Amino acid sequence: MRALLRKTVLSTLGATKTIGNGIHILNSHYIGREDISTTVFEGLLNKIKNQADFINIEDAVELIAKKENINQKLVAFTFDDGFEECYIKIAPALNKFNTNAAFFINPGFIDGDEKYIENFNKNVVHVNKKPMSWDMVKELKNNGFIIGNHSMDHARLVGLTEEELIHQVKNSKNIIEKHINTQCDYFAWTYGKLSDIDSNAIKAVLEDHKFIFSGDNYTKYHSLNNSRIINRRHIEGDWPFSHVKYFLSHNMKY
């Protein structure tokens, strides 16, 4: 009942909204929880494109880092967890609109055996999806997409020991860089809220990455008054456009 009420409210309110000024970084995981056609995502992209321009994620980050005053409606994309459909469906759809995305991946998921992947799907991300392979990741990187670090095992970065932080942050980054043969400068912490990461983890991440991506206050560019922590707004590729418009109707602020 609550979910139905929420959908009804968002559909009603969002119907009259338009996308606000600024750079809106959208974060998703997949097109939908089930196996959904790419055309659904392409339809959403087309509707967003009618109200805003797309911007490559690295260009968006550079403008935000410089605290540029953006009087345009710009949208950039990121995707967490590294599911196979990022390569098969999402990247080809973005290519049609001449834009890219940052894909934040978990090396443990990619390298995991059948038991690991089953547990990751059932108990961590709560879907049933395959991971990308390293060959897919490398091809995305070679085709202009950004590969980011999402921790080794999709860990919640609260209360971890120094050794655990090294494994989840530094070792994960090293593995990614070995496979893509370039720097991995972006990190997105799992679950996204400020309550899902502590100060020790933030410090550890910033030592090895230029920028951290959160899912905290999506109406502002930064969290914790730190210009290296960039906020994103969560959506999924099968959301109604009215819902997306509702969340993107604010003007972004520093």
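Quick caveat, the model's predicted, so the values are computed rather than measured.
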Cluster overlap I146 with V75, hydrophobic side-chain contacts below 4.5 Å: no
side-chain contact (heavy atoms from CB on, under 4.5 Å) evaluation trace for K245 with T16: CA-CA 9 Å; K245 280 196 301 176; T16 61; over 6 Å; no
Those residues that, when tested against N217, pass side-chain hydrogen bond (donor to acceptor under 3.5 Å, both in side chains) (two or more places apart): T219
4.5 Å side-chain heavy-atom contact, T99 and F77: yes
CD/E163: more than 12 non-hydrogen atoms of other groups inside 6.0 Å: no
F187, F213, F109 screened by ring-ring contact (aromatic ring centres under 6.0 Å, His included) with F104, the one that passes: F213
Main-chain N/O of E42 paired with N46 side-chain donor or acceptor, under 3.5 Å: no
Donor-acceptor side-chain pairing of D111 and Y116 below 3.5 angstrom: no
I235 with Y246, same ILVMFWY side-chain cluster at under 4.5 Å: yes
Polar side-chain atom of D153 near backbone of G108 as donor-acceptor pair, under 3.5 Å: no
Heavy-atom closest contact (I105 atom, V137 atom, distance): CD1-CG1, 4.0 Å
S172 side chain vs V169 backbone, donor-acceptor pair below 3.5 Å: no
Parallel, tilted or perpendicular, as decided by the 30° and 60° cut-offs, for the rings of W239 and H243: perpendicular
Spatial distance of atom OH (Y191) from atom OG (S151) [nearest 0.5 Å]: 8.5 Å
Exercise: identify the closest heavy-atom pair between V127 and N121: O-CB, 2.8 Å
Straight-line distance of I176 CD1 to N171 CG, nearest 0.5 Å: 11.0 Å
Test log, rule side-chain contact (heavy atoms from CB on, under 4.5 Å), inputs I55 and L63: CA-CA 11 Å; I55 182 173; L63 289 173; 3.8 Å; yes
Donor-acceptor contact present, side-chain T190 to main-chain A155, <3.5 Å: yes
Results of side-chain hydrogen bond (donor to acceptor under 3.5 Å, both in side chains) for D35 - residues two or more places apart only: K89
Verify same cluster id: L248, V61 (apolar side-chain graph, 4.5 Å): no
Interatomic distance, I25 atom CD1 to M252 atom CE [nearest 0.5 angstrom]: 7.5 Å
Side-chain heavy atoms of I57 within contact of F103, under 4.5 Å: no
Contact check, side chains of N143 and E139, non-hydrogen atoms, under 4.5 Å: yes
Within 6.0 Å of CG in N225, more than 12 heavy atoms from elsewhere: no
Salt-bridge present (D53, K49; N to O < 4.0 Å): yes
D208/K170 under salt bridge (charged side-chain N to carboxylate O under 4.0 Å, His left out): CA gap, chis, key distance, verdict: CA-CA 7 Å; D208 290 310; K170 187 182 290 289; 3.0 Å; yes
Contacts of type salt bridge (Lys or Arg N to Asp or Glu O under 4.0 Å), residue D135, not counting sequence neighbours: K138
Heavy-atom closest contact (N98 atom, N56 atom, distance): O-OD1, 4.3 Å
Side-chain heavy atoms of L94 within contact of F145, under 4.5 Å: yes
No-hydrogen, no-angle side-chain donor-acceptor test under 3.5 Å, H209 and N149: yes
Side chain to side chain contact (heavy atoms under 4.5 Å, CB included) partner of I197, chosen from I229, D216, L157: L157
Salt-bridge contact D196-R156 (side-chain N to carboxylate O under 4.0 Å): yes
Value rounded to 0.5 Å, distance of OH in Y221 from CD1 in I230: 10.5 Å
Donor-acceptor contact present, side-chain R228 to main-chain K210, <3.5 Å: yes
Distance-minimising heavy-atom pair for A60 and A76: CB-CB, 3.9 Å
Between R232 and T78: side-chain donor-acceptor atoms closer than 3.5 Å: yes
Salt-bridge present (K122, E118; N to O < 4.0 Å): no
Approximate separation, where rounding is to 0.5 Å, of F211 CZ and H222 NE2: 8.5 Å
Rounded distance (nearest 0.5 Å) linking atom CZ of F247 with atom NZ of K17: 11.5 Å
Any donor-acceptor pair under 3.5 Å from E177 side chain to C184 backbone: yes
H29 versus F83, closest heavy-atom pair with distance: O-CD1, 3.3 Å
Heavy-atom closest contact (G159 atom, E164 atom, distance): O-OE1, 4.4 Å
Note: K129-E85 ion pair, threshold 4.0 Å (strictly below): yes
N21 versus Q72, side-chain donor and acceptor atoms under 3.5 Å: no
Side-chain (Y254) to main-chain (E68) donor-acceptor, under 3.5 angstrom: yes
H24 (side chain) donor-acceptor with G20 (main chain) under 3.5 angstrom: yes
N200 backbone acceptor or donor facing D198 side chain under 3.5 Å: yes
Check: E84 main-chain N/O paired with K130 side-chain donor or acceptor under 3.5 Å: no
Check: W189 ring centroid to H154 ring centroid under 6.0 Å: no
